[in-house]
Amino acid sequence: MNRRNFLHGTFLAAPLAAGTLPFLGRETLAQRTAAKTLKIIHNGNLASLDPIWTTAPPTKDYGFLVFDQLLAVDSKYAPHPQMAEGWTVEDDGKTYVLGLREGLKFHDNEPVRSADCIASIQRWGARDGFGQLMMKFMDTFEVVDDRKFKIKLKKPFALLPAALGKSNSSQCFIMPERMAKVDPMKQVTETIGSGPYRFLKEEFVSGAKAAWAKFDGYIPRKEPVDSISGGRTPAVDRIEWSFISDPSTAMAALQAGEQDYWDAPTLDLIQVLKGDPNIVVSARNPTGSYFMLQLNHAQPPFNNSKMRQALAMAIDQNDFLKSAVSDPSLIRPCYSYYGGDSPYAGEAGAEIVKVGKLNQAKIALKEAGYAGEKVVILGVMENPVLAAMAQVAEDVMRRMGMNVQLVAMDFATMAQRRTSREPTDKGGWSAFVTVWTGSDIVNPAVHQMLRAGGPTAWFGWPNDPEMEALRDQWANAAGLEEQKKFATALQVQAFKTLPYIPLGSLVQMVAYRKNLTGVFPCPVAAYWNIGKN
Amino acid sequence: MVGYTVRRLLIAVPVMGIIALIVFSLLYLTPGDPAMVLAGDQATPEQIAKIRTSLGLDQAPHVRFVTWLWQMVNGDLGTSIFSGEPVTHMIGQRLQPTFSLLMLSVLLSVSVGVPFGVAAAAQRGGWTDRALTFFTTFGLSLPSFIAGYAIAFVFATTLKWLPVQGFVPLSDGVQPWLRNLILPAVTLSLVYSAIIARVTRASMLEVLSEDYIRTARAKGVAPWRILFRHALKNAAVPVITIIGIGIATLIGSAVITENVFAIPGVGRLTVDAILHRDYPIIQGVVLMLSAAYVLVNVAVDLCYTLLDPRIRY
């Protein structure tokens, strides 16, 4: 070997082989541990660590790693035992007896007891919409022993298993009794659950990173995974979330192999990611995102049902969806008040939102007596999809001949302004575009925007006693067929009242490195069962 | 000088008080309700009202201000509305990334800017001077978010020499710490070193035309000695001033750079807090940065006396 070859070999070849500069060599230890660590780019900041206290999606995703549920729904929203061994119904549907699987432990190695489950159900029932509905039927809880308890109802409530096993926020996560006894209006400070991963609180930097370690004491179910039901197996030793707010950086980090999984790639980058042979882009969430034009029923002009109907006739869902994404494979028009995978999905009564004709809408608007009342649209500009749809809404209303103003703002400002029931010239509003997941609109109990109790309804305050009566009838229905009948009737009535105008849905994509295994379809961001080669 | 330093620090106290009042007033006037953001879409008005009460957001503004001021006097910046963690702890977690980035950027900027400015002044009208003009125009006109993307694309995505994003604490080793900081520091330094180079050149040109420099040349003193021993020291006062003022520019640019390179620093903490209306964090961060800026200015003033014996306080 001569001097030149020696220098070339040591100072140039080695770093080039390592793909880096000589003085900045990568750590082999990091490479070894990387194979057991699943690195996730998570959309949104994990701020609160209490999934009952807040419905913020990152907290929900945190909850699914740390906590477990008594029951869990499958891909058809049918409930199955999760922590429970099973359940039986007694006393003509007025008593549910739930037994816990043997050997369930919390992360502090304390056993999961009936008392923990009861306290957790009570705390969840004080905050969650479906939980509150369930609590209206509630009589007493009764501890049979540490692994068995009874839920006694005042009258039958066939939806109880679906409520306990629901997949949308807030889920009925089981916490130790001391945590579950904390006032539901205050955050719990502990992070002890019985789920497949332990939260590493000492490594948590809110807004930057969060980490979990596999919980060795977790006993997964034997059944295959199906949505959030079935075996939740911790397939890696460690999970790390990074909160990368810049989409270009997130994409580059995934492509460079610094991260393994991106839970919410922006729509404009999907094509680039699809072109990378090391990246898989898939629609993991079968439910998708559902967009709605929420209307203010408390103020003119949309306090007049004829005005709402006129606007509905002008709206073509394709115009809205195409404003957000050009890829037609991601667009799914939806003429239903329920998500596409809901057992109640259907187009009954939806004729008015299928018209999509501006001239017809103009005539209807004139007949409704529109006299130039100002329409204020609240436009959330930090979300490109919501911003695009708000602009389309403004355009449609303007072409209808309405006196419309689009007010640009961030989400926090909109969240405050939408609470105002004042006229538009006193800080009120007329419409805004919002988005919910399919799980959030799967049935009348969880569907906030189908509530029509006036002042007690969601922002927009639709007031339709018939809708409320149908919701109660659905809740009291004995079986699925009867539930379907009332849910459909509720939708038909909703298309008359138009609490909001459906704008269609978009497929939600995830992107991950090809060496990941076990990625399964799921309506929530669940990271159990995902391994890494 | 000790008396002067103490006086300057004492003057900073009312300055900080005024800043506190302004920040509090601005936040009070800004629309947005953290209780709404925090409660989520499913919350009822009653639940939101309860959260608002539990956070003390329903209290009168002057009561909230006095409470916050009293906490601050006692060294407590309050707790985050969202995470419930103490603001001092949250800022503490973010200080190392930001401080590392700022220090490396300052070091890089001064190392590049000052020699470049001196060389350009020494060869006025020559190729070095023209190169400086190009460099400073380029550096000053390129927004840091574009520079960041371009640099990351070349050195991280394409060449794969350095990581795209993230921060590794110094405790994990100097190499990984440096690997993650090089690209953001270079991004930040582009503007800063351009400013420093330009001011150094202008200041050096002024000093180089002084009589004592002509005398030194006439006496046959070596050119490098004239430049670095006689001229640079006397030209340093404006350069030190611009380095001090530039810290504020750096802090502003760091917000963007931290975002582009996903560095969990104070800048990102601030942006997230603003978007969520997490008032205690915003107030705490602004006060901390203001205090840092005041201290930098005091340090700059003290540096003058070291460089120019004629300056006395």
Side-chain angles (χ1 to χ4, degrees), chain A residues 19-21 23-27 30 41 45-50 53-56 127-129 169-170 183 185-187 189 205-209 242-246 248-250 252-253 255-256 258-259 382 409-419 434 436 440 446 448 455-456 458-459, chain B residues 30-34 36-45 47-48 50-51 53-54 80-85 90 93-94 97 145 148-149 152-153 156-157 159-167 173 175-176 178-179 182 259-265 268-269 271-278:
Chain A
T20 183
L21 293 174
F23 59 97
L24 297 170
R26 285 180 182 152
E27 312 76 42
I41 304 165
N45 175 25
L46 177 63
S48 168
L49 302 177
D50 188 342
W53 186 71
T54 178
T55 57
R127 289 298 301 263
D128 178 64
S169 297
S170 294
D183 180 350
M185 291 299 156
K186 291 182 178 166
Q187 292 190 70
T189 51
V205 181
S206 178
K209 63 170 186 177
S242 296
F243 306 105
I244 303 178
S245 50
D246 187 283
S248 302
T249 307
Q255 288 181 312
E258 292 173 25
Q259 300 286 335
E382 69 209 45
M409 57 187 64
D410 67 353
F411 177 75
T413 306
M414 193 276 275
Q416 184 189 37
R417 186 158 174 184
R418 72 183 177 183
T419 62
T434 185
W436 294 67
D440 292 322
V446 300
Q448 293 292 314
T456 61
W458 204 68
F459 311 102
Chain B
T30 307
D33 182 358
M36 278 293 315
V37 179
L38 196 145
D41 271 340
Q42 296 199 1
T44 62
Q47 288 174 333
I48 294 164
K50 278 186 182 175
I51 289 175
T53 306
S54 72
S80 160
I81 288 174
F82 286 82
S83 68
E85 287 187 59
M90 293 184 77
Q93 284 181 317
R94 305 302 191 97
F145 63 91
Y149 285 136
F153 177 73
T157 310
L159 296 172
K160 299 188 190 302
W161 285 356
L162 294 160
V164 176
Q165 50 82 46
F167 173 78
Q175 273 193 6
L178 200 58
R179 273 172 55 80
I182 286 179
N259 204 43
V260 170
F261 290 96
I263 295 173
R268 280 188 63 200
L269 178 70
V271 172
D272 288 342
I274 291 169
L275 288 174
H276 288 92
R277 304 294 190 272
D278 202 336

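Bear in mind that the values here come from a model prediction, so they are computed numbers and not experimental data. The sequence lines fix the lettering, A, B, ..., with proteins before strands; numbering per chain opens at 1. Reckoned from all heavy atoms, side chains included, excluding hydrogens, waters and symmetry mates.
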Main-chain N/O of A/A208 paired to B/R268 side chain as donor or acceptor, under 3.5 Å: no

Honestly, the part of B/Q93 sitting under 4.5 Å from a heavy atom of chain A is side chain

Side chains of A/S48 and A/Q187: do they bring a donor and an acceptor to under 3.5 Å?
yes

request  = Without swapping roles, check the side chain of B/D278 against the backbone of B/A273 for a donor-acceptor pair under 3.5 Å.
outcome  = no

Okay, B/I81 and chain A: the region with an atom under 4.5 Å from a heavy atom over there is backbone

If one checks every heavy atom of B/Y149 against chain A at 4.5 Å, the contacting part turns out to be side chain

Comparing B/V271, B/D272, B/I263, B/V260 against chain A, the one with the most heavy-atom pairs below 4.5 Å turns out to be B/V260

Taken in chain and number order and not counting sequence neighbours, the residues that satisfy salt bridge (charged side-chain N to carboxylate O under 4.0 Å, His left out) with B/R277 are A/D410

Checked A/S206, A/S242, A/P455 vs chain B; the most non-hydrogen pairs under 4.5 Å come from A/S206

Most heavy-atom pairs under 4.5 Å with chain B, out of A/Q255, A/E258, A/M414, belong to A/E258

Sequence neighbours excluded, the answer for ring pair (Phe, Tyr, Trp, His ring centres under 6.0 Å) partners of A/F243 is none

Checking A/R417, A/Q416, A/E382 against A/M409 for side chain to side chain contact (heavy atoms under 4.5 Å, CB included), the one that qualifies is A/R417

The interface call for A/T419 against chain B, heavy-atom contacts under 4.5 Å, is side chain

If one checks every heavy atom of A/L49 against chain B at 4.5 Å, the contacting part turns out to be neither

